[in-house]
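Both ligands and their constituent atoms are indexed starting at 1 by order of listing.
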Amino acid sequence: MAEVEDKLKDYEIKKEGEAEILLHKKNAVFYNPVQVHNRDMSIAVLRTFVAKRKEEHEALVDKRNTSHEKNKEGETSSQNGEDASTGQQDEMDVVCEKELNKAEDQIEDLSKEATKPSWKVTRELKPPLVLEALAATGLRSLRYAREVEGLGKVVALDNDKASVEDCKRNIKFNGASAASKVEAYLVDARIHMLMHPKEFDVVDLDPYGSPSIFLDSAVQAVADGGLLMCTATDMAVLCGTNGEVCYSKYGSFPTKGKYCHEMALRILLASIESHANRYKRYIVPVLSVFMDFYIRVFVRVFTSASEIKNTPLKLSYIYQCVGCDSFHLQCLARTVPKKNNGVKHAPAIGPVVPQECSDCGKKFNIGGPIWSAPIHDQDWVVSTLTGVKSMKDRYPAYDKITSVLTTVSEF
Ligand SMILES: [Zn+2]
């Protein structure tokens, strides 16, 4: 015991939210107090995610049961006693509206087989699994585990041996309930994510610098309807100081305009979408913010081979006048009606600007492609803001995050 106390002398305790971590006095500088904004915002969005996921699951269960009731009315005989719900369990996590419709079709097919009179969907929604790719001291993972109700396991990864040791020490320090929820592993997060496709309901990327090398594996690790939270701190790159570096990391060329932070968000979103599309997946942004010195996006990830055909409609090039603030967006594609109903996609018609700016007569630079679809889901933003306001004491960075969320909600 004396030995333990002796060791503890080398550390100072930092408390943030409900988590406490031990910081070696030599390394205390690695605690960045401004990052509390980032963690509080993430906790707020996670709470919304847990609530929305539950609502969506309940709606799906209701739909299934209603559909079954309808089917039952028309039934005259029972041939199959098996509960057919089990084979479809994984479908239950699929939550966007389109997927719901698809699921409904499946239910109809399923109901034809499921003839047991008492058939009801009773499957419980599993608590969401969380992965933090670059966990360092584990503070963020510990806060998630201790503060967000209804979460399942939190897997905290780091590729640095000393960090994982710190993380494990901090997990123990936070008591038995934290220790039963948070697991720390020494591993390259990219490999871990690739080996666990669609397994995590939440994936959190908060690297120092660019997240670009993690995006490919992260978009594969998120479960359908799950949440990817991603930070980028390389603002100079994303804002156009090094356009060629931005292109190499994100596949988009930045222009210089007053909209620099919004453009950075839209470049990151376009890049995540591009990675997701490779695996027949697409993103739906729920919140995209610039805070302090970085950007952070919260996007849901879904799988749909037909929806990814719409991606070019969500992306645009920017024409930025070199002489004034004028800029114009050029979407990558357009829809044209098909002969027998429906629409198909065709290349856009351009350019949308003349050779010279009509305001000042100068030429245009072309940037992009950037994400030009909505960058927030207002329903999520309002729910998150309402949630934060109802739990004021639980957010150390209450003022900062309410101000950011209020601004976003007024868009
Ligand atoms: Zn101009």
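No donor-acceptor pair under 3.5 Å is formed between the side chain of Arg140 and the backbone N or O of Glu132.
Here 4 is the count of protein N, O or S atoms positioned under 2.8 Å from the Zn ion (ligand 1), waters not counted.
Sorted by first then second residue, the side-chain hydrogen bond (donor to acceptor under 3.5 Å, both in side chains) pairs that include residues 395-411, not counting sequence neighbours, are Arg47-Tyr395. Judged as a ring pair (Phe, Tyr, Trp, His ring centres under 6.0 Å), the pairs with a partner in residues 165-221 (not counting sequence neighbours) are, in order, His192-His196.
For Asp188, the side-chain hydrogen bond (donor to acceptor under 3.5 Å, both in side chains) partners are Arg190, not counting sequence neighbours.
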Is there a ring-ring contact (aromatic ring centres under 6.0 Å, His included) between Phe49 and Phe298? Walk through the geometry before answering.
CA-CA 10 Å; Phe49 173 71; Phe298 301 84; over 10 Å; no
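By the 30° and 60° cut-offs, the orientation of the rings of Phe290 relative to His261 is parallel.
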